[in-house]
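All remarks here apply to the structure that follows.
Protein chains get the first letters and strands the later ones, always in sequence-line order, with residue 1 at the start of each.
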Amino acid sequence: MWSKRFKARSKRKNCKLPYLGMLTSQRTSHVKASSVFVRNFNTTNSLNSLSSITASLSQARQAHAHILKTGLHFETHLTTRLLSLYANHLCFADADLVLDSITEPNLFSFSTLIYACSKTNRFNQVLGLFSRMLCRGLFPDDRVLPNAVKACSGLSNLGAGRQVHGIALVCGFDADSYVGSSLIHMYVKCGQLKDAHKLLGKMPELDVVSWSALIAGYARQGRVSEAKGVFDEMRNRGTEPNLVSWNGLIAGFNQSGCYSESVLMFQKMYLQGFKPDGTSISSVLPAVGNLEDLNMGVQIHGYVIKEGINLDKCVVSALIDMYGKCACSSEISRVFDEMEQLDIGACNALVTGLSRNGLVDEALTVFRQFKGKGMDLNVVSWTSVIASCSQNGKDMEALDLFREMQIAGVKPNSVTIPCLLPACGNIATLMHGKAAHCFSLRSGIFIDVYVGSALIDMYAKCGRIQSSRICFDRMPTRNLVCWNAILAGYAMHGKAKEAKEIFHLMQWSGQKPDFISFTCILAACSQSGLTEEGQYYFNSMSREHGIEVRMEHYACMVTLLGRAGKLEEAYSMIKEMPYEPDGCVWGALLSSCRVHNNMTLGQIAAKQLFKLEPANPGNYILLSNIYASKGKWEEVDKVRGMMKSLGLRKNPGCSWIEVKNKVHMLLAGDKSHPQMTLIIEKLDQLGMEMKRSGYFPSTDFVLQDVEEQDKEQILCGHSEKLAVVFGLLNTRPGSPIRVMKNLRICGDCHVVIKFISHFEGREILLRDTNRFHHFKDGVCSCGDFW
DNA sequence: ATAGGGTTAG
């Protein structure tokens with residue numbers, strides 16, 4: 001009855017507060033009455049006839065003053081009208097004041113304000129007013145209840161939602177169609193699908209929207225069979241699914257990662273005679289993109305053009321996104337250029353699409369253009385461009401853009417932080433990482449699994465594995481990625497014991513490991529020399545866990561066996577591999593051969609590598625080093641000649657190999673020590689950074705040579721770590737380490753120095769800008785500098 | 001019912 005009327009009213013556009021207008025009896029005389037009112041508002045009648053829609057704020061204030069002056073605030077009827085005037089102008093503080101002054105507020109007073117707050121999404125205020133109303137002994141009606149429920153779903157506050165449900169039961173409104181459907185939506189929003197389902201069963205009138213919401217809810221949780229079940233149930237109970245129901249199903253499957261289901265439903269819908277609209281298209285296209293089904297994508301694009309829905313902004317950005325995922329960079333730009341009006345969503349899709357296809361610089365240029373044109377860049381725009389940088393090795397740029405974003409006054413969210421954190425980890429700027437962590441704690445987004453996993457990874461890469469563990473332990477929910485991140489952290493730090501613990505804890509808690517988990521555990525075993533255990537895990541992969549053994553696992557095993565000196569075994573494993581071995585696998589063998597100076601196998605590996613990666617100078621250097629160790633100087637010259645004829649020079653990568661060899665020499669006393677290989681790997685990581693950064697220090701690099709004005713620029717980047725490591729490498733074992741000035745010591749550098757101190761059994765004292773770091777027996781103590 | 005941005009290994 002009333003609710004139906006209300007619904008019809010609310011659908012009218014340009015009518016912000018439908019009820020308030022409706023409640024005024026003399027609609028036609030509003031304008032006239034209000035103009036008269038200013039001149040002579042002494043009569044209560046003119047106040048009464050003041051329209052809540054057309055009256056200005058100053059008129060409302062005048063009326064307020066009049067009421068106070070004349071002591072009319074005991075007239076509940078008048079004060080309630082004033083309340084609606086203020087509410088209409090969104091002056092909630094004034095409205096509250098009026099409400100407090102009413103001696104006997106009635107249901108009408110409260111509902112007036114509740115409607116206004118609900119319309120403007122002031123959910124906390126709605127609930128506050130609702131509870132104040134209850135405290136007054138006033139029972140809500142079927143108009144207030146749905147607004148209270150809506151507030152609970154807006155806040156995702158299940159507890160409050162259940163309480164309101166209880167009140168609805170007491171008041172006998174739970175079977176009311178409007179109250180009921182709002183409760184169903186609330187339960188779906190809070191993920192309580194069983195409750196929603198139960199309630200739906202009790203409803204005498206069944207509406208297609210509530211059914212659709214439940215279907216989408218099941219689909220979003222990836223509960224395929226239940227979603228389909230509700231679909232059938234709906235039909236059996238006499239409600240035919242409409243386009244909305246289908247769209248919900250398609251969008252839900254897509255969100256839960258059931259991409260092929262999503263596309264399948266789209267096709268089914270089409271075959272049943274439904275005409276896909278813009279929403280259907282923009283719901284199915286991400287799934288098509290994730291499946292990289294270009295054929296299907298092109299067909300849908302054709303349909304879009306035929307039906308003329310290519311003006312829909314969502315459809316355009318979904319098309320750009322789909323072509324980006326299908327690696328069609330030419331199509332991305334075409335669709336974008338054909339767009340009539342520049343839309344921020346499409347711009348964001350373009351940036352992501354370009355960066356996904358390796359066109360990072362283009363993505364950055366495009367972003368700069370949008371910014372220059374004065375486009376209204378939102379969180380997604382900034383997050384997209386930060387992600388493009390951090391995913392493509394442009395870590396410094398990512399941090400710079402983050403700073404720029406903050407200057408622009410755009411607040412980061414729970415997606416921005418996981419995009420930024422890998423950049424912090426990659427260059428080990430603990431300071432920035434910690435700042436992001438603090439932000440997550442303050443804004444409450446630390447409970448997000450993506451944020452948590454990224455924090456674990458960042459701390460591990462900054463050399464703070466304990467902090468990683470703390471983040472891990474404090475996560476309210478964990479998924480596969482969280483487990484893998486902490487596992488990778490322990491592997492990175494050479495903590496095989498902890499890695500094994502995590503690996504078993506993970507399975508014990510019901511989380512199945514995947515191929516990444518195995519890469520981590522194999523790497524951990526390999527770094528700690530746990531050959532047999534590594535082999536055990538490797539063998540259990542397909543046998544016990546049903547996980548396909550990939551190329552990278554073979555590469556791990558070659559490294560594992562190679563480090564243990566079992567080079568023949570490593571070689572036979574390569575020969576037995578079901579795949580054609582790639583550069584990583586042969587590279588692992590060649591590196592192991594260099595460690596053990598095995599010439600025969602080294603030659604075999606090098607031969608393959610020369611074919612697979614002819615332009616990688618590192619392979620030539622490794623082989624020549626093996627020859628050199630055997631005193632085969634003619635062979636050394638031959639390899640050098642090969643390099644020369646190929647035009648390969650000792651690039652930074654080459655000098656890096658020299659550094660690596662220097663570490664070998666430094667640690668020559670304990671070649672087989674498990675931790676040594678970890679250092680080599682750490683150095684490899686640094687080498688990668690060196691290559692990426694385009695900044696190539698030579699082995700005798702000293703920071704003191706740098707011009708004063710450039711120093712700060714270099715120091716805030718990653719070169720500091722390299723400088724420290726190079727500095728260390730240039731000293732003879734046993735000699736005191738010279739104190740370096742104005743360096744910040746963090747992350748990888750910390751790890752490397754710690755291990756060097758451990759192996760050489762010497763004390764190292766380094767100073768930061770304001771702290772000292774004392775390394776002894778692999779333990780570092782920090783303190784404020786004298 | 002409604003896009004667009006996301007974490008882990010190598």
Side-chain angles (χ1 to χ4, degrees), chain A residues 185 188 208-209 211-217 219-220 242-252 254-255 277-286 312-322 324 343-353 355-356 378-388 390-391 412-422 425 448-458 460-461 479-489 491-492 514-524 550-553 555-556 559 582-585 587-588 681 684-685 688:
Chain A
H185 279 91
V188 171
V208 65
V209 178
W211 281 112
S212 308
L214 185 62
I215 293 168
R220 235 193 309 258
N242 64 6
L243 191 63
V244 175
S245 327
W246 282 103
N247 285 352
L249 201 61
I250 294 165
N254 184 35
Q255 281 162 19
D277 65 350
T279 310
S280 328
I281 302 289
S282 37
S283 301
V284 77
L285 278 178
D312 188 318
K313 284 176 182 173
C314 296
V315 170
V316 175
S317 29
L319 275 171
I320 294 172
D321 177 66
M322 182 273 296
D343 167 53
I344 187 69
C347 297
N348 298 343
L350 179 67
V351 170
T352 312
S355 119
R356 214 195 294 265
N378 58 18
V379 214
V380 181
S381 324
W382 287 102
T383 306
S384 306
V385 74
I386 291 171
S388 305
S390 69
Q391 286 162 358
N413 65 11
S414 63
V415 180
T416 320
I417 300 301
C419 289
L420 178 74
L421 282 172
D448 185 288
V449 273
Y450 285 94
V451 175
S453 319
L455 280 171
I456 295 169
D457 175 58
M458 180 275 294
K461 286 193 175 135
N479 64 8
L480 178 62
V481 179
C482 308
W483 287 100
N484 283 351
I486 187 76
L487 199 55
M492 200 188 294
D514 72 342
F515 69 103
I516 295 177
S517 323
F518 274 95
T519 328
C520 298
I521 194 75
L522 289 177
R550 299 194 184 196
M551 187 85 81
E552 52 259 48
H553 300 116
C556 282
T559 313
D582 67 355
C584 293
V585 176
E681 274 180 22
D684 266 340
Q685 277 183 13
M688 287 292 289

If you look at every strand shown and take non-hydrogen atoms under 4.0 Å, does A/F515 touch a base, only sugar-phosphate, or nothing?
base
By side chain to side chain donor-acceptor pair (under 3.5 Å) - contacts of A/N254 (at least two apart):
none
Between A/R550 (CZ) and B/dT8 (P), how many Å, whole number?
16 Å
Reading nucleotides 1-7 of chain B from the 5' end, what letters show protein touch, with B for base, S for backbone sugar-phosphate only, - for no heavy atom under 4.0 Å?
BBBBBBB
Please identify each residue that fulfils side chain to side chain donor-acceptor pair (under 3.5 Å) with A/S245, with sequence neighbours left out.
A/S212, A/N242
Once side chain to side chain donor-acceptor pair (under 3.5 Å) is applied, do any residues pair with A/S280, and if so which ones, sequence neighbours excluded?
A/N247, A/D277
Could you pull out all residues at least two apart from A/A349 that satisfy side-chain contact (heavy atoms from CB on, under 4.5 Å)?
A/S317, A/I320
With sequence neighbours excluded, residues passing side chain to side chain donor-acceptor pair (under 3.5 Å) with A/N479
none
